[in-house]
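Whatever order the structure lists ligands and atoms in, that order sets their numbers, starting from 1.
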Amino acid sequence: MNASAIRPEEIDYRFHDVDRDDVAALLLPICSEIFPDFEPAYLGRLQHVADPLLVFARHREEVVGFKLGYRRGARLFYSWLGGVHPSVRRVGVAVELMRRQHEHVARLGYTFVETRTRASNNPMIVLNLRSGFQVVGFELDSGGIPVVTLRRALAHPPA
Ligand SMILES: CC(C)(COP(=O)(O)OP(=O)(O)OC[C@H]1O[C@@H](n2cnc3c(N)ncnc32)[C@H](O)[C@@H]1OP(=O)(O)O)[C@@H](O)C(=O)NCCC(=O)NCCS
């Protein structure tokens with residue numbers, strides 16, 4: 001896949017039912033491309049979270065990006081995991097996935113989206129800050145890696 005050959009209008013976006021059996025098959029190939037040493041068991045968290053929500057991007061039937069999150073509180077949506085295929089970066093896929101996720105969860109009644117990212121992950125932090133998130137926390141994770149928590153208040157759609 002060659003990003004320079006891909007036009008944004010060739011990418012389509014859709015939501016997917018996370019309870020379906022095919023969700024791991026859908027996500028494992030793209031997760032392996034995005035995250036080195038991705039452990040399939042990591043997706044097992046989906047069986048224990050409330051109201052999971054998946055939005056993904058496709059180019060010619062191939063999944064090229066996704067965003068996955070779930071309920072963390074009555075009005076708080078947690079954006080857990082996501083990314084874009086290395087060959088399709090900087091064409092706006094992550095921005096569009098986030099826009100659709102936030103619009104959807106605002107319609108569901110959530111008022112905040114929260115996310116965590118490694119402090120060293122500049123692309124994700126820049127993207128989050130440009131999208132209206134603010135830093136609300138900093139910690140070292142169980143492995144001693146610095147992690148930043150960011151939160152965004154959602155604009156509510158008209159009733
Ligand atoms: C972070 C990531 C999702 C961005 O995806 P993307 O589709 O390339 O992002 P977009 O094209 O929508 O970029 C939107 C804006 O984010 C910022 N951004 C994206 N990548 C960046 C980079 N490498 N460096 C600095 N800023 C960056 C820019 O402001 C960019 O706007 P611009 O291209 O007009 O300058 C992608 O790099 C990725 O998948 N990274 C690995 C997975 C990951 O870290 N996931 C988060 C933890 S779960």
Side-chain angles (χ1 to χ4, degrees), residues 1-16 18 23-24 26-72 76-105 110 112-152 154-155:
M1 219 177 316
N2 174 3
S4 62
I6 293 176
R7 295 198 304 275
E9 61 270 23
E10 292 175 342
I11 298 175
D12 71 288
Y13 297 85
R14 54 184 63 197
F15 288 88
H16 190 83
V18 179
V23 77
L26 183 79
L27 290 182
L28 283 177
I30 181 79
C31 285
S32 310
E33 294 281 356
I34 296 172
F35 305 106
D37 307 322
F38 184 79
E39 286 289 340
Y42 194 55
L43 290 175
R45 184 188 297 194
L46 287 175
Q47 279 150 26
H48 312 291
V49 297
D51 302 334
L53 181 74
L54 167 66
V55 56
F56 68 97
R58 285 188 324 175
H59 179 255
R60 297 188 182 140
E61 306 296 319
E62 192 176 337
V63 177
V64 294
F66 74 98
K67 209 155 175 61
L68 195 49
Y70 53 85
R71 181 180 296 280
R72 269 266 169 97
L76 176 64
F77 184 79
Y78 181 62
S79 187
W80 168 45
L81 186 65
V84 173
H85 192 286
S87 67
V88 193
R89 290 188 185 159
R90 301 307 281 266
V91 293
V93 173
V95 162
E96 187 59 22
L97 285 167
M98 190 183 293
R99 189 188 72 72
R100 287 171 186 251
Q101 182 197 60
H102 290 189
E103 187 180 273
H104 190 83
V105 299
Y110 291 94
F112 287 96
V113 178
E114 205 165 276
T115 190
R116 293 170 81 241
T117 186
R118 288 185 174 186
S120 59
N121 191 342
N122 280 8
M124 200 62 224
I125 290 176
V126 170
L127 168 63
N128 283 331
L129 293 176
R130 284 190 59 184
S131 303
F133 280 88
Q134 294 180 329
V135 174
V136 295
F138 176 86
E139 68 197 282
L140 299 181
D141 72 8
S142 55
I145 294 170
V147 171
V148 176
T149 301
L150 301 106
R151 181 181 275 217
R152 181 188 173 195
L154 294 169

Can you tell me how far the [atom1] atom of [X] sits from the [atom2] atom of [Y], to the nearest 0.5 Å?
| X | Y | atom1 | atom2 | value |
| --- | --- | --- | --- | --- |
| Phe77 | His104 | CZ | NE2 | 8.5 Å |
| Ile34 | Leu27 | CD1 | CG | 9.0 Å |
| Glu139 | Arg116 | CD | CZ | 4.0 Å |
| Leu81 | Phe35 | CG | CZ | 4.5 Å |
| Asp51 | Tyr110 | CG | OH | 4.5 Å |

With respect to [X], determine whether any N or O atom, backbone or side chain, lies less than 3.5 Å from an N or O atom of ligand 1.
| X | result |
| --- | --- |
| Gly83 | no |
| Ile34 | no |
| Gly82 | yes |
| Arg90 | yes |
| Phe35 | no |
| Val88 | no |
| Asn121 | yes |

Which heavy atom of [X] sits nearest to which heavy atom of [Y], and what is that distance?
| X | Y | answer |
| --- | --- | --- |
| Arg100 | Glu96 | NE-OE2, 2.8 Å |
| Trp80 | Tyr70 | CB-CE2, 3.7 Å |
| Val105 | Leu154 | CG2-CD1, 3.7 Å |

With heavy atoms of [X] as the reference, note each atom of ligand 1 found under 4.0 Å away.
| X | result |
| --- | --- |
| Val126 | 17 (C), 26 (N), 29 (O) |
| Gly92 | 10 (P), 11 (O), 12 (O) |
| Val84 | 5 (O), 7 (O), 38 (C), 39 (O) |
| Leu127 | 14 (C), 16 (O) |

Around atom CD of Gln134, are there more than 12 heavy atoms from other residues, nucleotides or ligands closer than 6.0 Å?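 No - once you tally the heavy atoms of other residues, nucleotides and ligands closer than 6.0 Å, there are 12 at most.
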
Does Arg118 have more than 12 heavy atoms from other residues, nucleotides or ligands lying within 6.0 Å of its CZ?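 Open: at most 12 neighbouring heavy atoms sit under 6.0 Å from CZ of Arg118.
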
[atom]: the protein heavy-atom neighbour that sits closest, reported with distance to 0.1 Å:
| atom | value |
| --- | --- |
| atom 23 (N) of ligand 1 | Pro123 CG, 3.3 Å |
| atom 13 (O) of ligand 1 | Val95 CG2, 4.3 Å |
| atom 6 (P) of ligand 1 | Ala94 CB, 3.6 Å |
| atom 1 (C) of ligand 1 | Met124 SD, 3.7 Å |

Give the single entry among Arg89, Arg116, Arg130 that approaches atom 41 (C) of ligand 1 most closely by any heavy atom.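 Heavy atom nearest to atom 41 (C) of ligand 1 belongs to Arg89.
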
Of all the heavy atoms in Val91, does at least one lie under 4.0 Å from an atom in ligand 1?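 So Val91 counts as touching ligand 1.
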
Main chain of Ser79, side chain of Thr115: is a donor-acceptor contact present, judged purely on distance under 3.5 Å?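 Between the backbone of Ser79 and the side chain of Thr115 there is a qualifying donor-acceptor contact (under 3.5 Å).
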
